[in-house]
Structures are given as structure tokens and as C-alpha cells.
2 protein chains.
Amino acid sequence: MIKLMAWQTELTRQRLLDAAVQEFAEFGGAGCRVDRIAKRAGISKERLYGYFGDKEALFTQVLRQELARLAAAVPLSDEQARDLGEYAGRVLRHHREHPALLRLLYWEGLERGGEAVVDELGRAGYYEEKVAAVARAQRDGYLTASISAAELMYAVIALAGWWAAAPQVCRILTGAVTPPGGRGDAAVPGEEAVVAMVRRMSVPDHGAGAVGR
Amino acid sequence: MIKLMAWQTELTRQRLLDAAVQEFAEFGGAGCRVDRIAKRAGISKERLYGYFGDKEALFTQVLRQELARLAAAVPLSDEQARDLGEYAGRVLRHHREHPALLRLLYWEGLERGGEAVVDELGRAGYYEEKVAAVARAQRDGYLTASISAAELMYAVIALAGWWAAAPQVCRILTGAVTPPGGRGDAAVPGEEAVVAMVRRMSVPDHGAGAVGR
DNA sequence: CCGAACTCCAACTGGATAGTTGGATCTTGA
DNA sequence: TCAAGATCCAACTATCCAGTTGGAGTTCGG
């Protein structure tokens, strides 16, 4: 008989995981503190080690779970791929609502980007699907063929998410210099602007484009 | 009489600073190790503390010096602002040749992005100049006016530099999944693609645009 | 009610690391 | 040749932090 896990164990585990996501997103792998995670979760450190083994394993777990979810978070059907700008807008909105995941992605990139990364094959699937959808939209004349599908996806992701990687530059760019000891807010680029930029860059080259008509 | 600094002191200092740039770029503020910096520089740790005080001060120094240089690195005259794509290409090339500085920028963004940042006012100047140049190019009809100058600059910087923030995603996007224990290379987007994307998004809206003709 | 598993907590260990110190050696200007 | 300051180096201290342990309280199934 399999143990039925009555009790709160699943909840406890989840609380720890959630706290870890927040902590890692805020401080990264090198800057985070196990004690802080436990305190944040309201769970004893002993439990954390009981469930996850060690900090490294917990980090890996967090990355695997959250970044796979992130890659799959904003779907892209063939239909939708015909207006990449709209898609970029949705990606931007998603990131704005879940900035922690975006930061997680960047920590992973800076701290471990050189090595093979957690669940690389699995995550690759999500991106491949989207690139393929874009390629089909190009083939059918809804998007320019003068830029590769992968590079169009690159542009979408970069434009929709760069602000979280360098918020200080965004603040400077928009002229919102942080004055007293105030915590400068995110300074996300305007959604309409991102939508417009991606549309303009991806629109078919001339004549009877099918997009928008 | 001012002390003339004969001796190698300036060189010693510079070696330490250079090593610190490399170390910080590689590991960030939380992950770097003072001993490693000293060893990398071939200078004793004692000297490092003699010159810079402590790790925090050294980090601040590195950020101030290198990131101000980075902001000023790729100039943008009014003339050049008329072809933003070409400018994006230059920025990309610069980043590709000095990836350490780009990583420095991202570490700063992730670790300290929320707070007011080193030399924010000084650095703002460099960006303001460029935004202003773009705005003039828009006013004169060389670039679309449908996207704000600041947001166009945002796009240029994001497209030219995002790859270093999330190299793992770039690797996945381009299908170059890291196989053995191999250190996956940077997977920088193609320069022509970036140039093309920025040109397409910034081209004047219709009719007698002055660009490229 | 009992035992097993869950939980807490505080104290502890061990290793890594920031920063210091003292003494030896070398460089340079006078 | 001398003094001052630059450099090295190895050892040292103090702290921080990951991970462990033991004991006590709690909650469930039976």
C-alpha cells in the first residue's frame, strides 16, 4: 500500500518551494540564503532539508519546475503566429505579472548559462513548437521571410523581457531617475510600443500581405 | 609637492581592477571571491585591500568605471541616427567583443537594479544624448514617429544585448543543444538579422521617407 | 490510547571566506 | 647608503552560512 500522504506534507512542501522561487528570483543562486527561505515560508529549516536534500537540489528543482512552466506559459497557435506583435504583447503582459520567473531565467543565464542547463531538452520542445508556428506563418505569407523564424522569436522574447534584466537602464532611458532612497519601479516599456515594433519588423515585405486585412 | 607616483602603483592598481572586472563579470557580486581576484591579477590580496578598502568598494568602483565606459562606448551622431539598424549592428558587435561588460550590466541590474545605481546621473547623460539624436532623426522624417525615441533605443539595446542575459534560451532557440559536458558557445544572433529588424521597425511610415534613398 | 510520522526550534559543527597583521624583501629617490 | 613606501606571503581572526542533531510537541491512523 502506498502511503496516502494524509497530513499537510504536500502543502508544506509547496510553501517551501514557493518561498524558494521568491528568494531565488530576488537574490539568485549565490545570493540566496537557506535560512531566509525557511523563514519566508514559515517552515523550519530542518523540514527544508528533509524535503529537498540541499540548496543545490532545491535550486535545480525550482528552475526545472518554474522555467518549464514559463516556456509553456504563453501559447502560440498557427493562427496567432500570424500577428507576432499581438503575441509579443501577451508575452510582455505575462512577464509583467510574473516578474519573478523572468528574473529566475536571467539568474540561470548568468550563473549557469555556459553549461548545459536543467531540462534543456524538455524546454527546447516548447520553443521549437513556437518557432515552427512562426515558420509556417512565414511560409503562408503572413510574416516576412527576410528574417529567420528563430530570430523573430528572439526579437519577441528580447523586447518583451529585456527590461527585467537591466531595470536600471530602463529607468535611465525613460528619464525616471531614482531620487531619494526610493526603490525605483520596474519601468516596463509600453505594451503598445512593443506590439507595434514587433508588427513592423515582422510584416510581410510588400504588396498583398495577408496580415491585418 | 604632489607625490609623483613613480613606481608601479598605477599598473598594480589597474591589474587588480582588470581582474576584478573579469571576476565580477563571471560570477557577479555575490559569487565572486576576493582571493580569486588577487590570484587572477597576480597581486597579493593585501595590496587589493590596501588600494580598494573592501569588496563592496571594489565592486562599486568596477561598476562605475566600466559601465560608464559601456554607455559611452558606441557613439551615435545625428547623422548615424538616421539608420538605427546600422547602429544596432555596431552595438551588437561591440557587445560581442566585450561580453564581460554586458554581463556586468546584467549583474548590476539583477543584484542592485531596484536601488539607485552607481553614477546614475552621469550615465543618464550618455543615453539622453542618444535618445535626443533619435528624436531629431524622427523629427526630420528619417525614422518613424509612431514609436517614441526612448522605446526605439530600448529596442536597439535589447535586441543587441539580450543574448548575453539568457544564453541558454538562445542556445535552445537556435537548436544548438549542448551535448556532452561541452561548454555551449554564446549563440549570438546574426548581425544582419538585428540590423534588418531594427531597420524594419524604425523605417518611416510611408511615402517619401528620406532613409536609404 | 499508542506509535509513527510530521513539525518545530535551538544549538551545534565544519568549512569557506572577508578582512587583518607582521615580518621579509625589493624599489626608488635623495 | 639610507629611508620610505611598495610588495609579497603566510598565518591569523572573526563571521557567515550550509547542513546536522536531539529533543519536545503535534497530528494522524488504528
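Lettering follows sequence order; numbering is per chain, from 1. The figures here come from the full heavy-atom set of this structure, side chains too, leaving out hydrogens, waters and symmetry mates.
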Practice item. Please list, chain by chain and in numerical order, all residues satisfying side-chain hydrogen bond (donor to acceptor under 3.5 Å, both in side chains) with Arg136(A), sequence neighbours excluded. Key: Asp78(A)
Point to revise | side-chain hydrogen bond (donor to acceptor under 3.5 Å, both in side chains) contacts in which one or both residues fall within residues 54-65 of chain B, not counting sequence neighbours | key: Glu56(B)-Arg112(B)
Point to revise | Sequence-distant partners of Arg93(A), salt bridge (Lys or Arg N to Asp or Glu O under 4.0 Å), two or more places apart | key: Glu191(A)
Practice item. May I have the distance from Leu16(A) (atom CG) to dC6(C) (atom P), rounded to whole angstrom? Key: 14 Å
Exercise for review: To the nearest Å, give me how far apart CZ (Arg15(A)) and P (dC6(C)) are.
Suggested key: 16 Å
Check your understanding: Do Asp18(A) and Gln14(A) have side-chain atoms, one donor and one acceptor, less than 3.5 Å apart?
Key -> yes
Check your understanding: Looking for any heavy atom pair under 4.0 Å, which part of the strands does Tyr51(B) touch: base, sugar-phosphate only, or nothing?
Key -> sugar-phosphate
Check your understanding: For Thr12(B) and dT7(D), is the shortest distance between a side-chain N/O and OP1 or OP2 below 4.0 Å?
Key -> yes
Point to revise | Interatomic distance, Phe52(B) CZ vs dA18(C) C1' [rounded to whole Å] | key: 16 Å
Review point. What string of B, S and - do you get for nucleotides 13-20 of chain D 5' to 3' if you count protein non-hydrogen atoms under 4.0 Å?
Key: ----SSBB
Exercise for review: Could you list all the ring-ring contact (aromatic ring centres under 6.0 Å, His included) pairs where at least one residue sits in residues 71-103 of chain B, not counting sequence neighbours?
Suggested key: His94(B)-His98(B)
Point to revise | Within residues 37-52 of chain A or reaching into it, pairs that qualify as side-chain hydrogen bond (donor to acceptor under 3.5 Å, both in side chains) - sequence neighbours excluded | key: Glu23(A)-Arg40(A), Glu26(A)-Arg40(A), Asp35(A)-Lys45(A)
Exercise for review: Could you tell me which residues satisfy side-chain hydrogen bond (donor to acceptor under 3.5 Å, both in side chains) with Ser148(B), sequence neighbours excluded, listed by chain and number?
Suggested key: Glu151(B)
Point to revise | Whole angstrom value for the distance that separates P of dA5(C) from CG of Leu11(A) | key: 21 Å
Check your understanding: Glu10(A) CD to dC6(C) C1': how many Å, rounded?
Key -> 14 Å
Point to revise | Polar contact flag, side-chain donor to acceptor under 3.5 angstrom, Tyr106(B)-Trp162(A) | key: yes
Check your understanding: With sequence neighbours excluded, what pairs up with Gln80(A) under the side-chain hydrogen bond (donor to acceptor under 3.5 Å, both in side chains) test?
Key -> Ser77(A), Arg90(A)
**Study point:** Value in whole Å for how far the P atom of dT17(C) lies from CD of Glu23(B)
**Key:** 11 Å
Study note, to complete from the structure: Expected list for residues 57-66 of chain A near DNA chain D, using heavy atoms below 4.0 Å, is none
**Study point:** Gap between atoms NZ and P, on Lys39(B) and dA10(D) respectively (whole Å)
**Key:** 10 Å
